[in-house]
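Notes for the one structure printed next.
Computed over heavy atoms, backbone and side chain alike; hydrogens, waters and symmetry mates excluded. As the structure is a prediction and not an experimental result, all values here were calculated from the model. Counting starts at 1 for both ligands and their atoms, following the listed order.
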Amino acid sequence: MNQKTSTGSISREWQELLDFDRHHLWHPYTSMIDPLPVYGVESAEGVKIRLADGRELIDGMASWWSVIHGYSHPRLVRALQEQAGSLSHVMYGGLAHEPAVALGRKLVDLTPAGLEKVFFCDSGSVAVEVAMKMALQYCHARGKPEKHQFATVRSGYHGDTFHAMSVCDPVTGMHHIYSGVLPQYHFAPRPACSFFDEWDPEDISPLSELLAENHESLCALILEPIVQGAGGMRFYHPRYLSEARKLCDQFDVLLICDEIATGFGRSGQMFACDHSSISPDILCLGKALTGGMLSLAATLTSEAVARTISSAEPGVFMHGPTFMANPLACRVAGESIDLLLESDWQRLVATIQNKLEQGLKPCRDFDQVADVRCLGAIGVVELHKPVNMATIQQRFVEHGVWVRPFGTLVYLMPPYCIEAADLEYLCQAVVDVVAVEG
Ligand SMILES: *Cc1c(COP(=O)(O)O)cnc(C)c1O
């Protein structure tokens, strides 16, 4: 484990950096008046994050689902350096390049059947915006402009831009702050039947009723397949998704699957849709697409949707980011997919699931813990009460691990390359820290 726990203090230079940071730089979901402390990072390699004070932390977060091969992977670094030497960026309007074609080929091959047309964009939230615009333009092109609303389920998360926000859970997504601005869409209750339960046909009834009642005004249903991520880290039954697919066909509503968190093996299948053997009409990818090296996302759709969009006024899809299909990001994404396919990823992820189950099991005995659940390379300890971020973050760092809880959830989703001893250490840190929480 060779845990380096020297708590050397940080240099004057670092002190100044962190001081500027505190006064001028916004971090995700933070206050500018009284932000919690942040830790300076010097470098990261494999599953280790090296802090400014010399401490090394074992990473349990894969930087929010993205760093599946570990940090500074030599193959990804080399791909990026080589690409930077020949073509870092060029506008995508009217120009094409090999890294985008190579990546597009891989995505069309790898994703569920029928997804043939690829739109590259900058980030996950934008991929969701693009997906929603595709669904709207599809209905517009068919002469059904009245089908312009969206349906989803509660406890979802689809990103932070406006239309993505409109389909996030209304409570955890804080819709009240944006009332009057955010469109009001249709929410079914979240799926109740868990991945591990026996399927209960009643579980799909509310969604079925919602679609039956509103299909004339609905263009699409958007779901995170199987794993509801930032909206609650829940794993629902594969039958729910296959039933939702059937309902969408029955009621002439497109199915958008947001695999930004789950894509590329995280749930134990290459895509979470594969648990249900379904293909969505539109698929969003992001996060692990570049192995966590750069921001890149993609929205894929079927021949039929793309053709319909392109066959009627205005005859084009109305979106085109400045950094669309950035060659650096495409090249490193292609390399990351090669690395994944060359690895025994399915066995690695299954082994991580076993180890997470074993390692987190002691948490079940704590009164403060409501549930412990694991699927693929995702391990979740749900508490009854929200954690105290100020103290819990510090405790994890003192234990030599990087774990960042939110709300009532303490969770692990390490890089797939994590070794058994490091994973055991991570789980033990969670057990020790949760033991004294609340
Ligand atoms: C993270 C995430 C997004 C948003 O992606 P960003 O790159 O942060 O914009 C959308 N949907 C899901 C399911 C996500 O996990």
> Where does W64 meet ligand 1, judged by heavy-atom distances below 4.0 Å: at the side chain, the backbone, both, or neither?
Replying inline: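 None of W64 does.
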Going by the atom numbers of ligand 1, which of them fall below 4.0 Å from some non-hydrogen atom of [X]?
X    : value
E224 : 13 (C)
D258 : 10 (C), 11 (N), 12 (C), 13 (C)
H158 : 10 (C), 11 (N)
S123 : 7 (O), 9 (O)
G159 : 4 (C), 10 (C)

> So which heavy atom on I256 is nearest to which on A220, and how close?
Replying inline: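 For I256 and A220, the tightest heavy-atom pair comes out as CD1-CB, 3.8 Å.
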> Would one find an N or O of G124, backbone or side chain, under 3.5 Å from an N or O of ligand 1?
Replying inline: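 It does: an N or O of G124 is found under 3.5 Å from an N or O of ligand 1.
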>> I'd like to check whether K287 has a polar contact with ligand 1, where a contact means an N/O of the residue lying under 3.5 Å from an N/O of the ligand.
In response: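 Between K287 and ligand 1, an N or O pair is found under 3.5 Å apart.
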> Given C257, G263, C168, S125, which has its nearest heavy atom closest to atom 4 (C) of ligand 1?
Replying inline: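 Going through C257, G263, C168, S125 one by one, S125 has the nearest heavy atom to atom 4 (C) of ligand 1.
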[X] vs [Y] aromatic rings, parallel, tilted or perpendicular, using cut-offs 30° and 60°?
X    : Y    : value
H97  : Y92  : tilted
H175 : F187 : perpendicular
W199 : H237 : tilted

>> Would you say the rings of H69 and Y416 are close, in the sense that their centroids are separated by under 6.0 Å?
In response: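 Judged by ring-centre distance (under 6.0 Å), Y416 and H69 do not meet the cut-off.
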> Would you say the ring centroid of F195 lies under 6.0 angstrom from that of Y236?
Replying inline: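 No, ring centres 6.0 Å or more apart.
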>> Quick check on side-chain contact (heavy atoms from CB on, under 4.5 Å): which of L360, L409, D371, V227 does V380 satisfy it with?
In response: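 Result for side-chain contact (heavy atoms from CB on, under 4.5 Å) with V380: L409.
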